[in-house]
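Data first, discussion second: the structure below is written as structure tokens.
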There are 2 protein chains.
Amino acid sequence: MGVTVTSRALDLLGAFDGEHRSLSLTDLARRADLPLATAHRLVGELHRWGALAREPSGEYVIGRRIWQLGLLAPVQSGLRQAASPFLHDLYGATLATVHLAVRDGIEVLYVERLAGHVSVPVVSRVGSRLPMHCTGVGKVLMAHAPEEVRAECLRQLTRVTAYTVTQPARLLDQLRRVRAEGYATTGEEMSLGACSVAVPVRNGADVVAALGIVVPDLRRQLPRLVSALQVAAHGISRTLASVQWK
Amino acid sequence: MGVTVTSRALDLLGAFDGEHRSLSLTDLARRADLPLATAHRLVGELHRWGALAREPSGEYVIGRRIWQLGLLAPVQSGLRQAASPFLHDLYGATLATVHLAVRDGIEVLYVERLAGHVSVPVVSRVGSRLPMHCTGVGKVLMAHAPEEVRAECLRQLTRVTAYTVTQPARLLDQLRRVRAEGYATTGEEMSLGACSVAVPVRNGADVVAALGIVVPDLRRQLPRLVSALQVAAHGISRTLASVQWK
DNA sequence: AAAATTCTTCCACTGGACGGAAGGGGGCCG
DNA sequence: CGGCCCCCTTCCGTCCAGTGGAAGAATTTT
């Protein structure tokens with residue numbers, strides 16, 4: 001059941017990613033591993049429907065219709081909208097890069113990112129994924145994930161910087177503290193010069209997301225940042241509860 | 001050439017909209033006008049790929065993968081990212097609901113919306129469309145649209161409130177002034193109690209988007225608002241030019 | 001417990017999908 | 001200018017994946 005028409009069309013869409021935002025017909029055919037004639041027909045249909053658009057150059061890009069559909073996804077319409085005003089407040093209070101993320105499998109999926117004109121160099125982009133063990137939001141989500149997910153993560157603690165925690169025991173110890181104290185921190189574990197603090201966002205009893213900020217250094221004002229984060233997280237949680245999200 | 005497999009799969013996705021964010025299999029089949037067995041198979045494939053997700057209730061919703069794809073669309077990745085910091089500045093300076101919109105056919109497509117905790121009642125949502133003749137951003141986009149688009153719009157000047165401009169001649173006159181003065185205004189033409197000001201966002205010589213704000217009343221501080229808008233629009237234009245968007 | 005509704009699986013027929021091949025168009029180089 | 005290369009588009013006979021009626025399972029309602 002591997003080669004259905006639908007799966008081919010979807011594979012064409014899947015040919016696009018962060019590094020390949022516009023592709024020629026030939027590129028699409030190559031990346032989806034389809035004969036040119038077949039790709040031509042399918043791409044034509046996708047284009048007619050609005051899933052793909054054509055740049056002046058002739059290359060194809062993801063169309064507005066897909067973008068509009070994406071806005072209907074639950075991450076977007078529920079969580080993001082509930083969080084939006086609180087994220088702005090948080091940014092205003094801290095002037096740090098603000099992140100909202102959810103867990104997707106064993107990775108962190110960034111749902112929203114809010115940064116000013118200048119900011120600490122950060123790798124995350126909205127819609128991108130990162131491993132959980134070396135980011136603030138990731139530690140929060142991992143700490144509150146089901147046991148089997150945590151176990152799976154521990155199996156691949158890849159080293160990113162010299163400060164990345166790669167010993168399972170040590171990470172588990174940190175996660176225990178995250179649950180106990182209600183917030184997680186990292187210090188240059190993902191990229192040098194960037195530290196982070198994060199707190200869980202709840203919907204009822206469940207942890208549905210994590211809210212975090214990235215700063216150059218957090219020795220001095222950690223208590224203030226944690227309290228600002230918790231105020232925002234509580235606000236989001238309350239909004240989620242009131243709209244009965246999910 | 002109306003009934004291809006791909007078009008059916010796409011129609012299933014198209015069954016979702018602002019009012020129907022989650023649908024049961026039966027609903028999907030009904031809305032896409034497909035036999036249940038066929039819908040079942042196609043939905044299964046879409047689900048397997050990640051285009052659809054399943055709620056705890058068993059209903060289907062747009063999946064994260066579509067959301068991620070949407071983030072790659074040019075509106076999103078180019079325009080929105082370039083605009084983001086300036087929109088926050090603008091919100092900070094005016095505390096009004098801020099809108100960024102592009103033209104899509106003969107309608108206004110809202111690309112970004114930024115509102116505080118409380119705000120003037122506004123109908124727009126990100127990803128939604130509205131007619132051009134009765135919104136601030138719409139008038140800006142219409143004023144700078146190709147002649148044939150303008151003509152097409154004039155053919156359907158639907159009345160929304162008692163203040164909506166429905167006489168072609170009068171609207172054309174307003175548009176001429178928009179081009180001359182560099183900004184457009186509306187007064188309760190879309191919804192009562194809401195006025196708006198908007199300015200064009202350029203990329204080189206082309207008007208690629210419109211930036212607008214909605215306020216309860218604009219008699220008093222119009223000059224200040226226009227200048228704040230223009231500062232932001234220039235900032236966005238400069239950013240677009242520097243990243244060679246499109 | 002019966003009835004109604006929704007979801008899932010099955011399978012034989014058939015019409016839409018397939019893709020090799022050939023034909024256009026534009027850009028680059030010798 | 002002509003030859004070459006690359007990319008896009010169209011065509012058409014073959015064939016297999018898609019189709020959908022029907023039956024059955026699962027769930028909810030009456």
Side-chain angles (χ1 to χ4, degrees), chain A residues 1-17 19-66 72-74 244 246, chain B residues 1-17 19-66 72-74 244 246:
Chain A
M1 255 298 160
V3 212
T4 65
V5 187
T6 312
S7 76
R8 290 178 172 203
L10 291 173
D11 285 345
L12 282 170
L13 291 179
F16 293 91
D17 62 31
E19 277 77 54
H20 304 86
R21 292 165 180 230
S22 70
L23 296 167
S24 70
L25 178 60
T26 314
D27 291 338
L28 275 165
R30 244 196 302 273
R31 287 176 61 86
D33 196 28
L34 291 176
L36 196 61
T38 305
H40 180 258
R41 188 167 22 83
L42 291 176
V43 165
E45 278 191 86
L46 291 170
H47 182 225
R48 216 166 305 128
W49 190 79
L52 296 179
R54 240 175 151 177
E55 297 273 82
S57 69
E59 297 211 308
Y60 290 94
V61 291
I62 295 294
R64 285 175 182 172
R65 190 128 181 214
I66 292 281
L72 301 176
Q244 292 173 2
K246 254 190 186 168
Chain B
M1 255 295 163
V3 212
T4 65
V5 187
T6 312
S7 76
R8 291 179 171 200
L10 291 173
D11 285 345
L12 282 170
L13 292 179
F16 293 91
D17 62 31
E19 278 77 54
H20 303 86
R21 291 165 181 232
S22 70
L23 295 167
S24 70
L25 179 60
T26 314
D27 290 338
L28 275 165
R30 245 196 301 274
R31 288 174 62 86
D33 196 28
L34 292 175
L36 196 61
T38 305
H40 180 258
R41 189 167 23 83
L42 291 176
V43 165
E45 278 191 85
L46 292 169
H47 181 226
R48 216 166 303 128
W49 189 79
L52 296 179
R54 238 174 153 176
E55 296 273 84
S57 70
E59 297 211 308
Y60 290 94
V61 291
I62 296 294
R64 284 176 181 170
R65 190 130 182 212
I66 292 281
L72 301 175
Q244 291 173 5
K246 259 190 183 170

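Order of the sequence lines fixes the chain letters, A, B, ..., with proteins taken first and strands second; residue numbering starts at 1 for each chain.
- With sequence neighbours left out, A/R65 forms a side chain to side chain contact (heavy atoms under 4.5 Å, CB included) with A/W49.
- Residues that satisfy the side-chain hydrogen bond (donor to acceptor under 3.5 Å, both in side chains) test with B/S22, not counting sequence neighbours, are B/E59.
- Contacts of B/A53 classified as side chain to side chain contact (heavy atoms under 4.5 Å, CB included), with partners at least two apart in sequence or in another chain: B/V61.
- Under the side-chain contact (heavy atoms from CB on, under 4.5 Å) test applied with B/L13, the options B/V43, B/L28, B/L42, B/L46 reduce to a single match, B/L46.
- Atom-to-atom distance recorded for A/Y60:OH and A/H47:NE2 is 6.5 Å, nearest 0.5 angstrom.
- Ion pairing of A/R8 with A/D11 is absent here, as no side-chain N (NZ or NE/NH1/NH2) approaches a carboxylate O to less than 4.0 Å.
- Judged as a side-chain hydrogen bond (donor to acceptor under 3.5 Å, both in side chains), and not counting sequence neighbours, B/T26 has no contacts.
- Legend: residues meeting side chain to side chain contact (heavy atoms under 4.5 Å, CB included) with B/A9, ordered by chain and number and at least two apart, are A/T6.
- In this structure, B/R54 has no salt bridge (charged side-chain N to carboxylate O under 4.0 Å, His left out) partners at least two apart in sequence or on a different chain.
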Quick test: give all pairs of protein nitrogen or oxygen and nucleotides 5-7 of chain C nitrogen or oxygen below 3.5 Å, distance rounded to 0.1 Å.
residue : atom : partner : partner atom : Å
C/dC7   : OP1  : B/L25   : N            : 3.4
C/dC7   : OP2  : B/T26   : N            : 2.9
C/dC7   : OP2  : B/T26   : OG1          : 2.2

Exercise for review: Any chance you could list the contact pattern along nucleotides 19-30 of chain D? Use B for base contacts, S for sugar-phosphate-only contacts and - for none, protein heavy atoms under 4.0 Å, 5' to 3'.
Suggested key: BBB---------

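- Applying the side-chain hydrogen bond (donor to acceptor under 3.5 Å, both in side chains) rule to A/R31 yields the partners A/D17, A/H20; only residues at least two apart in sequence or on another chain are considered.
- The bend of the helix from C/dA1-D/dT30 to C/dG30-D/dC1, defined by the angle between the axes of its first five and last five pairs, stands at 40° to the nearest 10°.
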